[in-house]
Amino acid sequence: MGVWMHKLDLGGTMVQMFGDPSGEFTKDLGMEMTHPGPPSVGLIGRSKRFAMYVVNNVVQYVAVSEAEDDPAGDANPEATCAPAMIEAIRDLKMKMKMSTETNTMAVDDAVDTADTVDA
């Protein structure tokens, strides 16, 4: 993983890469590729093509690139590539902001109603 990080010039960035040589993490996530194609050519225990957005150890978003005729997502990996992940994270943050604003307005309305009832 270190060589890959170096080749991609990612040292000192927020990007982190982790190996999963036994496949335990992949299996626990439900991301083990179970399609018969890869094992038939000697690829045992391959993971699906996926990307996760994780904040403070909480998974916020998961994208998987796979299709019935393309279990590895090789023909159409776009859902797990950086542009799609950045868009998904932006959308998620916008939804969270809107949810927070809606909750704040609901609290304000409840306080206003309580003030009216007390008066």
Side-chain angles (χ1 to χ4, degrees):
M1 301 305 289
V3 171
W4 194 12
M5 287 282 290
H6 179 73
K7 283 189 175 197
L8 295 173
D9 196 26
L10 295 172
T13 70
M14 65 184 212
V15 174
Q16 295 183 29
M17 296 178 153
F18 302 93
D20 184 24
S22 70
E24 185 177 338
F25 182 69
T26 300
K27 290 173 189 167
D28 287 349
L29 289 174
M31 292 295 166
E32 181 180 25
M33 189 182 307
T34 56
H35 189 276
S40 72
V41 293
L43 297 173
I44 310 291
R46 182 170 176 190
S47 76
K48 296 178 182 180
R49 182 184 306 267
F50 70 99
M52 295 189 316
Y53 173 57
V54 182
V55 178
N56 295 327
N57 298 320
V58 177
V59 176
Q60 302 289 320
Y61 180 78
V62 177
V64 181
S65 291
E66 67 179 338
E68 184 74 28
D69 60 342
D70 182 24
D74 293 334
N76 188 12
E78 284 79 15
T80 55
C81 291
M85 288 299 293
I86 291 168
E87 183 177 339
I89 292 166
R90 283 185 185 143
D91 289 349
L92 179 65
K93 287 184 175 186
M94 182 63 73
K95 288 177 186 175
M96 291 171 64
K97 181 180 177 187
M98 290 172 53
S99 175
T100 301
E101 289 172 356
T102 300
N103 289 340
T104 300
M105 288 189 301
V107 168
D108 290 344
D109 289 346
V111 169
D112 290 344
T113 302
D115 289 344
T116 304
V117 171
D118 289 342

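- Note that CE of M5 is 5.0 Å distant from OG1 of T13, once rounded to the nearest 0.5 Å.
- V54 and Y61 fall into different hydrophobic clusters, where Ile, Leu, Val, Met, Phe, Trp and Tyr are joined by side-chain heavy atoms under 4.5 Å apart, directly or via other members.
- No continuous path of hydrophobic side-chain contacts links F25 to M1 [ILVMFWY only; heavy atoms under 4.5 Å].
- Under the side-chain contact (heavy atoms from CB on, under 4.5 Å) criterion, D91 pairs with E87, sequence neighbours left out.
- Residues M17 and W4 have side chains in contact (heavy-atom distance under 4.5 Å, counting atoms from C-beta outward).
- For CG of D9, the number of neighbouring non-hydrogen atoms (other residues, nucleotides, ligands) closer than 6.0 Å is 12 at most.
- Going from atom OG1 of T80 over to atom CZ of R49 covers 5.5 Å, rounded to the nearest 0.5 Å.
- Side-chain contact between M52 and F50: present, with at least one pair of heavy atoms (C-beta onward) separated by less than 4.5 Å.
- Using a 4.5 Å cut-off on side-chain heavy atoms (C-beta onward), M31 and V62 make contact.
- Taking CD of E32 as the start and NZ of K27 as the end, the distance is 5.0 Å to the nearest 0.5 Å.
- Residues T26 and M33 are not in side-chain contact: their nearest non-hydrogen atoms beyond the backbone lie 4.5 Å or more apart.
- Across all non-hydrogen atoms, the minimal contact from A63 to A79 is CB-O, 3.3 Å.
- Both L8 and V15 sit in one connected hydrophobic cluster of ILVMFWY residues. Membership requires side-chain heavy atoms under 4.5 Å apart, directly or through other members.
- Separating the CE atom in M96 from the CE atom in M98 is a distance of 13.0 Å, to the nearest 0.5 Å.
- In this view, A67 and D69, D70 satisfy the side-chain contact (heavy atoms from CB on, under 4.5 Å) rule, not counting sequence neighbours.
- The 12-atom threshold is not exceeded at CE of M94, counting heavy atoms of other residues, nucleotides or ligands nearer than 6.0 Å.
- Looking at Y53 and L92, their side chains come closer than 4.5 Å, going by heavy atoms from C-beta outward.
- Taking each heavy atom of G19 and P21 in turn, the nearest pair found is C-CD, 3.5 Å.
- A salt bridge does not link D20 with R46: every distance from a Lys NZ or Arg NE/NH1/NH2 to an Asp or Glu carboxylate oxygen is 4.0 Å or more.
- Between the side chain of S65 and the backbone N or O of G73, no donor-acceptor pair lies under 3.5 Å.
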